[in-house]
Amino acid sequence: ELATSRFAETLPEDIVDGDNVASDDFTDKNIYKIVNSQKRLYSDIGVFYADSNILSLKTITKTDLNSIPEGEIIEWK
């Protein structure tokens with residue numbers, strides 16, 4: 001069976017491709033990068049720090065985060 005990719009038709013307010021986002025639920029430690037209207041999970045915090053600046057991280061509601069389809073995981077190359 002072939003996998004199908006989903007993409008958000010619209011992103012939550014103030015979120016654009018290239019943004020790093022996390023849930024405002026601080027028990028959720030996941031950080032995502034928005035790429036082509038999908039959220040891509042950083043495989044671990046070290047990959048996030050190697051790719052981005054902590055000051056670039058935006059928090060959004062869990063509802064908004066859940067509205068963005070998941071893409072592939074971002075891993076260290």
Side-chain angles (χ1 to χ4, degrees):
E1 181 176 325
L2 295 174
T4 58
S5 296
R6 292 182 40 232
F7 304 90
E9 290 184 27
T10 59
L11 292 169
E13 187 174 343
D14 297 325
I15 301 300
V16 296
D17 278 342
D19 280 348
N20 293 300
V21 299
S23 172
D24 63 358
D25 173 0
F26 294 107
T27 63
D28 180 355
K29 303 297 183 197
N30 292 328
I31 299 175
Y32 301 87
K33 184 177 199 97
I34 305 301
V35 179
N36 295 326
S37 299
Q38 291 181 321
K39 64 183 178 200
R40 296 186 59 195
L41 177 67
Y42 284 99
S43 60
D44 63 54
I45 194 73
V47 175
F48 167 71
Y49 284 125
D51 182 63
S52 300
N53 181 326
I54 189 69
L55 298 176
S56 70
L57 186 61
K58 296 180 179 180
T59 56
I60 60 176
T61 67
K62 194 168 196 79
T63 300
D64 281 347
L65 186 61
N66 289 339
S67 75
I68 305 170
E70 295 238 12
E72 293 182 26
I73 293 175
I74 299 172
E75 297 189 45
W76 183 255
K77 295 183 181 192

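For Asp17, there are no salt bridge (charged side-chain N to carboxylate O under 4.0 Å, His left out) partners two or more places apart in sequence or in a different chain. For Asp24, there are no side-chain hydrogen bond (donor to acceptor under 3.5 Å, both in side chains) partners at least two apart in sequence or on another chain. Applying the side-chain contact (heavy atoms from CB on, under 4.5 Å) criterion to Lys58, with sequence neighbours excluded, gives Ile15, Asp19, Val21. In this structure, Asn66 has no side-chain hydrogen bond (donor to acceptor under 3.5 Å, both in side chains) partners at least two apart in sequence or on a different chain. Scored by the side-chain hydrogen bond (donor to acceptor under 3.5 Å, both in side chains) test, Thr10 finds no partners at all (sequence neighbours excluded).
Here the closest non-hydrogen pair linking Ser37 and Leu11 is CA-CD2, 4.1 Å. Contact record, Gln38 with Gly71: OE1-CA, 3.6 Å, taken as the closest heavy-atom pair.
In this structure, OG on Ser67 lies 11.5 Å from CD on Glu9, to the nearest 0.5 angstrom. The distance from the CG atom of Asp25 to the OG1 atom of Thr59 is 11.5 Å, given to the nearest 0.5 Å. Summarising the geometry, atom CD1 belonging to Ile31 is positioned 14.0 Å from atom NZ belonging to Lys39; distances are rounded to the nearest 0.5 Å. To the nearest 0.5 angstrom, Leu41 atom CG is 12.0 Å from Glu72 atom CD.
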Do Ile68 and Ile60 pass the side-chain contact (heavy atoms from CB on, under 4.5 Å) test, and can you show the C-alpha distance, the side-chain angles, and the key distance before you say yes or no? CA-CA 11 Å; Ile68 305 170; Ile60 60 176; 4.3 Å; yes
Going by atom type alone, with no hydrogens or angles, which donor-acceptor pairs under 3.5 Å involve a side-chain atom of residues 43-51 and a protein atom two or more places apart or on another chain?
{"residue": "Ser43", "atom": "OG", "partner": "Ile74", "partner atom": "O", "Å": "3.2"}
{"residue": "Asp44", "atom": "OD1", "partner": "Gly46", "partner atom": "N", "Å": "2.8"}
{"residue": "Asp44", "atom": "OD1", "partner": "Val47", "partner atom": "N", "Å": "3.0"}
{"residue": "Asp51", "atom": "OD2", "partner": "Lys33", "partner atom": "NZ", "Å": "3.2"}
{"residue": "Asp51", "atom": "OD2", "partner": "Tyr42", "partner atom": "OH", "Å": "2.6"}

